[in-house]
Amino acid sequence: MTLEQMRAKHAWQTADKCSEKFMTLAKGAPALVMSNGLMPSLAFWKSKAKENNEHDKLVNCITSWLKERKLIQDPEFSKAMDSLQVASSTKFMRATNETLEYLKWLRNFASAIYKKDKGN
C-alpha cells in the first residue's frame, strides 16, 4: 500500500458519517494550518472543542494520523503537543507537511460523504 493509499484509507474511515460542521472544518483546515502553523491550529480547534464535538473530532483525526506515521508518540492532545514542541525542526516540518497532505483527503472525503448522506 502506498503512502497516498494509507492517507486515503485513514481519511475515509475518519470522515464516515460526518456532519456538515465537520465538512466545513475539514475544508478550512489546510488554510488554517498554512497561515497559522500546525500547533496553533491544533490548539485553536481544541479550544473550540466541547465533549464529542466536531472540533475535537478533527484534532483526533490529525493526531491519530500523525501517530500512525510515527511523527508523535501519543495521539492524546496534550501529549501530541508535547511531542511536537520538542521535535526537531525537520520532524516538525514533516509533521506539518504530512498533516496538509492528509487534510487533502479528509476534506474531499468529508465533502463527498456529507453530500451523499444528504442525497445529492
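All values derive from a computational prediction rather than experimental measurement.
For the atom pair Thr99 OG1 and Arg7 CZ, the distance stands at 10.0 Å (nearest 0.5 Å). For the atom pair CG (Leu103) and CE (Met34), the distance works out to 10.5 Å, reported to the nearest 0.5 Å. Taking OG1 from Thr63 and NZ from Lys46, the interatomic distance works out to 8.0 Å, rounded to the nearest 0.5 Å. Considering CG of Leu84 and CG of Leu42, their distance stands at 7.0 Å, rounded to 0.5 Å. To the nearest 0.5 Å, the span separating SG on Cys61 from CG on Leu66 amounts to 11.0 Å. Here OG1 of Thr2 is found 3.5 Å from CD of Gln5. Values are rounded to the nearest 0.5 Å.
In terms of heavy atoms, Glu98 sits closest to Leu3 at OE1-CD2, 4.1 Å. For the residue pair Val33 and Trp45, the shortest heavy atom distance occurs at CG2-CH2, 3.8 Å.
Under the 4.5 Å side-chain criterion, counting only non-hydrogen atoms from C-beta, Leu38 is in contact with Phe92. Using a 4.5 Å cut-off on side-chain heavy atoms (C-beta onward), Lys67 and Gln73 make no contact. Using a 4.5 Å heavy-atom threshold, the side chains of Phe109 and Leu106 count as separate. Between Trp105 and Lys9 the shortest side-chain heavy-atom distance does not fall below 4.5 Å. Inter-residue side-chain proximity for Ser64 and His10 is flagged as met; some heavy-atom pair is nearer than 4.5 Å. Proximity of Tyr102 to Asn97: side-chain heavy atoms (C-beta onward) are nowhere separated by under 4.5 Å. Looking only at side-chain heavy atoms (C-beta outward), Asp56 and Phe77 stay at 4.5 Å or farther from each other. Using a 4.5 Å heavy-atom threshold, the side chains of Lys104 and Pro30 count as separate.
When hydrophobic clusters are built by joining Ile, Leu, Val, Met, Phe, Trp and Tyr residues whose side-chain heavy atoms come closer than 4.5 Å, directly or via intermediates, Leu100 is grouped together with Ile72. Note on Trp12 and Met6: separate hydrophobic clusters, where clusters join Ile, Leu, Val, Met, Phe, Trp and Tyr whose side-chain heavy atoms are under 4.5 Å apart, directly or indirectly.
Ring planes of His55 and Phe44: perpendicular class, angle over 60° (limits at 30 and 60°).
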Point to revise | Steps toward side chain to side chain donor-acceptor pair (under 3.5 Å) verdict (Glu76, Ser78) | key: CA-CA 6 Å; Glu76 191 273 318; Ser78 62; 2.8 Å; yes
Practice item. Carefully, step by step, assess Arg107 and Met23 under the rule side chain to side chain contact (heavy atoms under 4.5 Å, CB included). Key: CA-CA 7 Å; Arg107 73 180 183 180; Met23 178 192 68; over 6 Å; no
